[in-house]
K.L.:
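Structure provided below as structure tokens; questions to follow.
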Amino acid sequence: VKKTTAPAKKGKSTTVANPLFQSKAKSFRIGGDLRLKGRDLSRYVRWPRYVRIQRQKKILLQRLKVPPSIHQFSRTLDKNQASE
């Protein structure tokens with residue numbers, strides 16, 4: 001199979017550099033102003049107070065020791081699961 005290539009254009013397109021805005025290399029390192037696209041920064045966001053409180057409460061309730069007589073009511077069935 002023979003590959004065909006498109007003919008190259010003869011005209012030049014010149015771009016004039018603006019002297020007011022000098023170009024500089026992009027810095028992807030720490031402290032650079034560019035952010036990587038795949039990075040999830042939701043951990044470092046300042047969340048509203050009610051979001052932080054409900055997340056902290058959930059973790060504290062997981063860590064606390066609850067007596068078995070009370071813990072039996074923490075995982076109850078709803079109507080859909082009870083009817084099955």
K.L.:
Distance-only criterion, 3.5 Å: show the donor-acceptor pairs between side-chain atoms of residues 61-78 and protein atoms not counting sequence neighbours.
P.N.:
{"unit_1": "H71", "atom_1": "ND1", "unit_2": "S74", "atom_2": "OG", "d": "3.3"}
{"unit_1": "Q72", "atom_1": "NE2", "unit_2": "S69", "atom_2": "O", "d": "3.2"}
{"unit_1": "S74", "atom_1": "OG", "unit_2": "H71", "atom_2": "O", "d": "2.7"}
{"unit_1": "D78", "atom_1": "OD1", "unit_2": "Q81", "atom_2": "N", "d": "3.2"}

K.L.:
State whether the number of non-hydrogen atoms from other residues, nucleotides or ligands found under 6.0 Å of Q22 atom CD is greater than 12.
P.N.:
no
K.L.:
With hydrophobic residues grouped by side-chain heavy-atom distances under 4.5 Å, do V51 and V45 end up in a single group?
P.N.:
yes
K.L.:
Can you name the nearest heavy-atom pair linking R52 to W47, along with the distance?
P.N.:
NE-O, 3.5 Å
